[in-house]
**Q** 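This structure is in structure tokens; I'll ask about it shortly.
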Amino acid sequence: MSHLSLAQLSFDNRFVRELPADPIIDNYRRQVAGAAYSFVQPTQVRAPQLVCAAREAADLIDLDYSQLTSDFFTQVFSGNALLAGMQSHACCYGGHQFGNWAGQLGDGRAINLGEVKNSRGEHWTLQLKGAGPTPYSRTADGLAVLRSSVREFLCSEAMHHLGVPTTRALSLVLTGEQVRRDMFYDGNPQLEPGAVVCRVAQSFTRFGNFEICSARNDIELLKKIADFTIRTDFPHLLNEHEDITRETYVQWFEEVCTRTASMIAHWMRVGFVHGVMNTDNMSILGLTIDYGPYGWLEGYDPDWTPNTTDAQGRRYRYINQPQVALWNLAQLGNAIYPLIDAVEPLQEALNKYRHAYSQQWQIDMANKLGLRAVAEEDVGLIDELHKVFELTETDMTIFYRLLANLDLPLLTNADDKVLIEGIKLAYYAEPSAESAAAMATWLRKYLTRVQQDYIVYGETHEQRKARMNKTNPKYVLRNYLAQQAIDRATQGDFNEVQQLLQLLRNPYDEQPEHEHYFAKRPEWARTKAGCSMLSCSS
Ligand code: AMP
Ligand code: MG
């Protein structure tokens, strides 16, 4: 049903229509009280050029694919032209950053264009990231550079195809402007190519949109934004009279908790580390949002974070993500407390988060290992695997794909060497004798456990393998892959960006022509900026 031209898109801007606007329309940095957003125009750019557009995101708004390559498309999605019906604005929100309340943050470099209503009656907000300063830009420039925009564009779509809830990306456009960035925060700023990504989501509302209201004790605005969010994005919670009661808020918070649990379980399953889980980067819809210094576990290391800005405390390391999400939810709970006026239901909702997360984690681990279910006794098997991983650096993604190939005949082979042969490609270094023996022991235990399932459920190897390969991606957006695409795009060659988008459309499928992407991070990438370490500079 993607048949519309840009001019035919129909906008229904509920957020702007129903929530209070900042009365000031001049674009200067300020504190904005009593309003959910400020009107602001994108900044004009000199020479916009399309790098890549995603057809699947065009489908969301019924946009005909032929539009994606038009000059007008590039003008609109660089911020140079607005379509009839667009009402560009930036939202006010606050947030807890690295555990501390940071006050007003807001869309400092994001500008919402409006809500497209599609033929299915869905609303999709279009948002430019990097289209110039807004009242919320504080001391920064409102711009984004090519490297971080390639990363955001590709990862948004990659996560979607992995089945992880996420904001989407329609387009990536070079602006033709230069942007100054101190990538290493070492006092050596460089000029980099500027870029704009158009993000797409049913809503970009964050925990921080609610936190800022209660921090300012503006309960009226808090209620307005909460009611709007429930009516637009959680309409199934409304009763027959469509009024919103204390109970509705409780159910809403519970649903935010369970959606967040599901999102985090997905991250853990695919080895995604967000890197900056501040509450302003937590979506009220449970979507992955704000792709900055994120990364993918390569060698399995529970304490890894790609974010150099967080290298000291490692607050946002892989293994901590479920706990941090709970902490963030507790901040949201505090913020909406005035609507509920009781602690107990909020506590219960947080318990539901814990429960939902651990249930989903068990289901995911069962699928990752190809078991029908994780029983009490299997928890030890899983813990042992994680310990074995740490003996020799082991690529998580590659390991699980290879594990699916192994089957019972190996059990009768006593030789450790033969046993671990099938997973050796996942090792970053030659395992020590002790490490190889530990892996062989684990594989024997594992295959014995698999045998039980075969007997009880009559399952075949092919069935088990298919289930594992639906849960364990073959291809993820490893940082070094993104970096290679960035390096080439910086030279004006956009093929690799397009190629990666194509590859990551089917991350669970065997793609024999793309086997070379099923590779460990090369040694050169271990210490290269952008590949193993990323700062927040973007
Ligand atoms: P982040 O850590 O990227 O989620 O950003 C935190 C806050 O800083 C948000 O309010 C962003 O809008 C804002 N911000 C980040 N980079 C820029 C920039 N280059 N210009 C203006 N605001 C920015
Ligand atoms: Mg952010």
Side-chain angles (χ1 to χ4, degrees), residues 158-164 265-266 268-272 296-297 300 359-386 388-389 394-427 436 439-476 478 502-520:
M159 292 286 264
H160 165 71
H161 295 298
L162 282 165
V164 184
H266 277 292
M268 302 305 279
R269 169 178 67 85
V270 298
F272 177 79
W296 300 82
L297 276 194
Y300 180 88
Q359 271 212 320
Q360 192 56 48
W361 184 81
Q362 290 198 10
I363 293 170
D364 289 342
M365 280 314 298
N367 286 327
K368 285 183 84 63
L369 293 170
L371 304 176
R372 293 288 285 247
V374 165
E376 195 83 9
E377 315 82 79
D378 297 324
V379 174
L381 187 73
I382 295 167
D383 288 348
E384 267 172 52
L385 175 62
H386 289 149
V388 173
F389 277 160
T394 312
D395 193 278
M396 170 169 153
T397 302
I398 295 180
F399 176 83
Y400 280 108
R401 286 299 284 210
L402 297 178
L403 187 65
N405 297 333
L406 305 192
D407 202 29
L408 305 190
L410 277 175
L411 264 180
T412 48
N413 196 317
D415 190 346
D416 286 4
K417 269 218 170 85
V418 177
L419 205 55
I420 69 165
E421 198 53 44
I423 56 90
K424 266 192 114 172
L425 184 68
Y427 281 136
M439 179 59 90
T441 304
W442 186 85
L443 287 172
R444 278 193 199 92
K445 274 193 202 162
Y446 167 69
L447 289 171
T448 309
R449 175 66 183 82
V450 162
Q451 191 172 31
Q452 266 178 29
D453 268 13
Y454 285 6
I455 294 166
V456 175
Y457 300 103
E459 203 170 53
T460 64
H461 179 207
E462 281 314 309
Q463 286 167 334
R464 174 183 135 245
K465 180 171 168 174
R467 199 142 36 83
M468 290 173 78
N469 286 353
K470 264 195 272 178
T471 299
N472 298 316
K474 173 138 183 170
Y475 301 106
V476 294
R478 294 170 185 270
Q502 179 55 30
L503 171 80
L504 297 167
R505 282 188 166 120
N506 299 297
Y508 299 101
D509 291 358
E510 295 296 329
Q511 300 183 43
E513 72 282 19
H514 289 141
E515 196 66 22
H516 57 284
Y517 288 112
F518 183 60
K520 286 172 297 223

**Q** Heavy atoms only: give me the nearest L504-P507 pair and the separation to one decimal.
**A**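 The answer is O-CD, 3.3 Å.
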
**Q** Would you call the rings of H386 and F389 parallel, tilted or perpendicular if under 30° counts as parallel and over 60° as perpendicular?
**A**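 Tilted.
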
**Q** Main chain of A366, side chain of R467: is a donor-acceptor contact present, judged purely on distance under 3.5 Å?
**A** no

**Q** Answer yes or no: is there a donor N or O on one side and an acceptor on the other, between the side chain of N506 and the main chain of D509, under 3.5 Å?
**A**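 Looks like no, no N/O pair under 3.5 Å.
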
**Q** What verdict does the side chain to side chain contact (heavy atoms under 4.5 Å, CB included) test give for Y446 and L406, after you've listed the backbone C-alpha separation in whole Å, the side-chain angles of each residue and the deciding distance to 0.1 Å?
**A** CA-CA 10 Å; Y446 167 69; L406 305 192; 5.6 Å; no

**Q** Under the side chain to side chain contact (heavy atoms under 4.5 Å, CB included) rule, what do E515 and Y475 come out as? Steps first, then yes or no, please.
**A** CA-CA 9 Å; E515 196 66 22; Y475 301 106; 4.0 Å; yes

**Q** State, to 0.1 Å, how close M268 and M396 come at their nearest heavy-atom pair, and which atoms those are.
**A** O-CE, 3.7 Å

**Q** Just so I know, are the side chains of Y300 and L385 near enough to count as touching, which here means a heavy-atom distance under 4.5 Å?
**A**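 Sidechains of L385 and Y300: no contact.
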
**Q** Which atom pairs, donor and acceptor, lie under 3.5 Å between side-chain atoms of residues 368-379 and protein residues at least two apart or in another chain?
**A**
unit_1 : atom_1 : unit_2 : atom_2 : d
K368   : NZ     : R269   : O      : 2.7
K368   : NZ     : N472   : OD1    : 2.7
D378   : OD1    : R449   : NE     : 2.7
D378   : OD2    : A375   : N      : 2.7
D378   : OD2    : R449   : NE     : 3.3
D378   : OD2    : R449   : NH2    : 3.0

**Q** Can you see which heavy atom on I420 is nearest to which on A440, and at what distance?
**A** CG2-N, 3.8 Å

**Q** Rounded to the nearest 0.5 Å, how far apart are CD1 of I363 and OG1 of T471?
**A** 10.5 Å

**Q** Which heavy atom of H461 sits nearest to which heavy atom of N405, and what is that distance?
**A** CE1-O, 3.3 Å

**Q** Give a yes or no on whether the backbone of L411 and the side-chain of R444 come within a donor-acceptor separation of less than 3.5 Å.
**A** no

**Q** Would R464 and D453 count as a side chain to side chain contact (heavy atoms under 4.5 Å, CB included) here? Give the steps.
**A** CA-CA 10 Å; R464 174 183 135 245; D453 268 13; over 6 Å; no

**Q** Give, for atom CD1 of I398 and atom OH of Y427, the distance between the pair rounded to the nearest 0.5 Å.
**A** 13.0 Å

**Q** Looking only at atom types and distance, does a side-chain atom of K520 sit under 3.5 Å from a main-chain N or O of L425, one as donor and one as acceptor?
**A** yes

**Q** First locate atom CD1 of I423, then atom OH of Y400, and finally report the distance between them rounded to the nearest 0.5 Å.
**A** 12.0 Å

**Q** Output yes when D407 and K465 qualify as a salt bridge under the 4.0 Å nitrogen-oxygen rule, no when they do not.
**A**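 No, no charged N to carboxylate O under 4.0 Å.
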
**Q** To the nearest 0.5 Å, how far apart are CG in L419 and CE in M439?
**A** 10.0 Å

**Q** What's the shortest heavy-atom distance between Y508 and L162, and which atoms?
**A** OH-O, 2.6 Å

**Q** Decide yes or no on side chain to side chain contact (heavy atoms under 4.5 Å, CB included) for Y454 and L408, but give the supporting numbers first.
**A** CA-CA 10 Å; Y454 285 6; L408 305 190; 3.5 Å; yes

**Q** How close do L297 and T397 get, counting heavy atoms only, and between which atoms?
**A**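 So the minimum-distance heavy-atom pair works out to O-OG1, 4.4 Å.
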
**Q** Considering only heavy atoms from C-beta outward, does the side chain of E510 approach that of R401 to under 4.5 Å?
**A**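 Yes, at least one pair of side-chain atoms sits under 4.5 Å.
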
**Q** Do L503 and Q511 come close enough that some side-chain heavy atom pair is under 4.5 Å?
**A** yes

